[in-house]
There are 2 protein chains.
Amino acid sequence: MSDAGGMGRGRATAEMVAQRANVSRISVSRAFNSHTSLKPEKRALILRIAEELNYTPDRAARALVSGRSHLIGVIVPDVCSHWESQEVDALTTALQNEGFATLLFKTRTDYSMDEKLLAYMRGFNPDSVIAFVENVKPTTLAQFLDRAVPIYVHYPHPGEPEPAETGPLHDRLNVLQRPGIEQAVALLQGYGAKRIAYVSGVERSQANTAREHMLRTVMAERGLAPPTIAVGDFSYDAAYAATIDLFRVGDGADAIFAANDVGAFGVLDALRHELGLRVPEDVQVVGFDDIAQSHWKSYNLTTVKFDLEERVRALVRLILRRLKTPDAPALHETLQTRLVVRGTVG
Amino acid sequence: MSDAGGMGRGRATAEMVAQRANVSRISVSRAFNSHTSLKPEKRALILRIAEELNYTPDRAARALVSGRSHLIGVIVPDVCSHWESQEVDALTTALQNEGFATLLFKTRTDYSMDEKLLAYMRGFNPDSVIAFVENVKPTTLAQFLDRAVPIYVHYPHPGEPEPAETGPLHDRLNVLQRPGIEQAVALLQGYGAKRIAYVSGVERSQANTAREHMLRTVMAERGLAPPTIAVGDFSYDAAYAATIDLFRVGDGADAIFAANDVGAFGVLDALRHELGLRVPEDVQVVGFDDIAQSHWKSYNLTTVKFDLEERVRALVRLILRRLKTPDAPALHETLQTRLVVRGTVG
DNA sequence: TTGTAAGCGTTATCAT
DNA sequence: ATGATAACGCTTACAA
């Protein structure tokens, strides 16, 4: 009761600031919403007092009335790969600069999507949702998102139809894998590789099938026999085991594509430390992603780069455009890939 | 207007569910708060209809009245190390199981804390805040948090006083580094190491100084000369460069402690790929953390393990206890460390 | 430019 | 066990 001035423990409210500044609480609200009109000196006064009182508008209350939570839901698999960690990282920084906060959710590693999780997440009313998880039908997602329009990653492939634009509205990030894969295959061919193997990611994941499919296409175009498939799951350990199988049980290979960089590390370690083979002299290796540690000397991996920064910028553009024009038709962004040549090919 | 039943685009409210179930909206609220009393069959009916209508209580509205946002703020440095990524990962999973969501914030890499960020974060009204960032005085943090009681990581050291319990209330996670470091030093000594170097982390960070300090103490107790210090910043690249300096400009060492595992990888790669030294024959290496990739064959690192899962469980316990008893005096949890022996010592 | 009134979707309090 | 009422802190009409 001795706290009418607004100091002390507990949160200052707009009312307290208004009282101290001798203005109505509405003016306080306006002072914090730069687009509204308020006499500049009055705004300055209010902001100064707000800072003194350590006042920040309550986003929950604001969300209730404005319908904007400034929360962006991000769903990632249970055990985050390096790529995903780095993407969440960059995304959070970018969103924060735009006044949004990242709300992180984990789902099962098997790349399926849990309806319970969606319902749970919806309670927080995110303005937008990015799922780094696959096998979620737009219809399922749409059922659980009210305002939010989902963003899907798509890997266009010649001969495949564009995904139907008729389903629920969703925005799309198109990743063009062809350039990077073509460059990689050409380089391997240039160094004499004939028998190329592919150490896969999680088999039914879209990223994996798209990579395998494009690899197959490009190899066929260039007159190479189809790749041998060794089954992995994007993890180091699975790729390690798959590589050993490939050489001990199977027929080996001149070159190995791994579905991601972490898998490529497993391949490299299996080749060198378990099979006693030299890279790139005996076997050449190419990864996907170009994560931060791919340049580390022990691996120094040649890899198909998905530019993380560019990708995050594209995602943020999609989110902001959608929030600005909630009823716009499907939005698109397109990303290129390219080969980064290091020491595992040559 | 044709939407009175609650179907279609847009969010279902408690009111709509109540209407369909022929109950008051209060009963709907009660159905979702398991501790309140409601006739079981009525609750079942309401929950069924809620599911049909795809209704979930709005957390923002709930937060407004209950004072609980069910949001846990997590502040991490701009560029996340592997350890931090893995910790955020595990923490999110654990919190999600308890009905909380992780709200992620990034701050500058220099381990300082931005007041702007704190003010920004406070707007979201997190129930609790965990900062993986150092050099934040409890007073600074307390100024920006109303309900939330901060959690600090502390590295107790003999001869140093406990941090004052008189400042603003904060809970504490005590990490006992001695056991792991003692085991490591003993092992190195057992294999004949005399001259031990320490490749540091960010110099003014608490984790770094605590590690260096404890290492120095243990080495002195065991009759070893003080460690040579090579300055790093917890990153691969800095450790790589520091190691080269240590041998090219400085006097080298029999064994190297790195302030964290990622730094140890840089040390290993510099030794092997740049300096042409063998590990562990010529130089032995020990890291800190035991991150997931420390067991990868190329590194196979002997390291002082901070059990991530245990640490996260301790953090979650602190959070939950604090939320249950907001006025309890300072809470504590204690964690042990231990040496994980792999291939870089021997 | 400023103030007044209404309401966002929930839960706490007090009834019954 | 259930319902009516008020309140949470803010913003968006609308009015002055």
Side-chain angles (χ1 to χ4, degrees), chain A residues 3 6 10-47 50 53-71 99 119 122-127 146-147, chain B residues 3-4 6 10-47 50 53-71 99 122-127 146-147:
Chain A
D3 200 24
R11 183 161 180 148
T13 73
E15 185 70 56
M16 296 172 181
V17 177
Q19 233 167 286
R20 274 250 238 182
N22 272 318
V23 296
S24 71
R25 100 182 52 98
I26 315 303
S27 299
V28 176
S29 168
R30 287 205 243 266
F32 278 90
N33 293 49
S34 44
H35 62 276
T36 50
S37 50
L38 190 65
K39 209 157 77 186
E41 50 193 69
K42 198 169 204 168
R43 165 165 289 144
L45 171 70
I46 293 175
L47 291 179
L53 258 47
N54 239 303
Y55 164 81
T56 324
D58 183 326
R59 290 207 119 103
R62 193 180 250 184
L64 207 54
V65 56
S66 72
R68 300 252 105 119
S69 64
H70 286 245
L71 259 25
R122 189 186 43 186
F124 291 97
N125 245 315
D127 287 340
D146 333 278
R147 305 190 306 283
Chain B
D3 201 23
R11 181 160 183 151
T13 72
E15 186 68 58
M16 296 171 180
V17 177
Q19 233 165 288
R20 275 250 239 183
N22 273 317
V23 297
S24 70
R25 109 181 110 264
I26 316 301
S27 298
V28 176
S29 168
R30 286 205 243 265
F32 278 89
N33 294 51
S34 45
H35 62 276
T36 51
S37 53
L38 190 64
K39 209 158 76 185
E41 50 194 67
K42 199 168 205 169
R43 165 166 288 146
L45 171 70
I46 292 175
L47 291 179
L53 259 45
N54 237 304
Y55 164 82
T56 325
D58 184 327
R59 298 248 181 197
R62 192 180 253 186
L64 206 54
V65 55
S66 71
R68 300 252 107 120
S69 63
H70 286 245
L71 258 26
R122 188 185 44 188
F124 290 97
N125 244 314
D127 286 341
D146 333 277
R147 305 190 305 284

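Order of the sequence lines sets the chain letters (A, B, ...), proteins ahead of strands, with each chain counted from 1.
- When the side-chain nitrogen and oxygen atoms of K42(A) are compared with OP1 and OP2 of dT2(C), one or more of them lie within a distance under 4.0 Å.
- Atom CZ of F32(B) sits about 11.5 Å away from atom CG of L38(B), to the nearest 0.5 Å.
- Taking all atoms of both residues into account, the shortest heavy-atom contact from Y55(A) to T13(A) is CE1-C, 3.5 Å.
- Scanning for side-chain hydrogen bond (donor to acceptor under 3.5 Å, both in side chains) contacts around R59(B) gives H70(B), with sequence neighbours left out.
- The CD atom of Q19(A) lies 12.0 Å from the OG atom of S24(A); values are rounded to the nearest 0.5 Å.
- N125(B) approaches S69(B) most closely through the heavy-atom pair O-OG, 2.5 Å.
- Bounding nucleotides for the chain B contact on DNA chain D, 5' to 3', at a heavy-atom distance below 4.0 Å, are dA1(D) to dG9(D).
- For R62(A) (side chain) and G123(B) (main-chain N/O), no donor-acceptor pair under 3.5 Å exists by modelled atom type.
- Contact annotation: the side chain of R30(B) approaches that of I26(B) to within less than 4.5 Å [non-hydrogen atoms, C-beta and beyond].
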Annotated protein contacts, base or backbone, on nucleotides 6-16 of chain C with a non-hydrogen cut-off under 4.0 Å, one of B, S, - each: -BBBBBB----
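- For the side chain to side chain contact (heavy atoms under 4.5 Å, CB included) criterion with R20(B), the lone passing option out of L53(B), I46(B), L45(B), V28(B) is L53(B).
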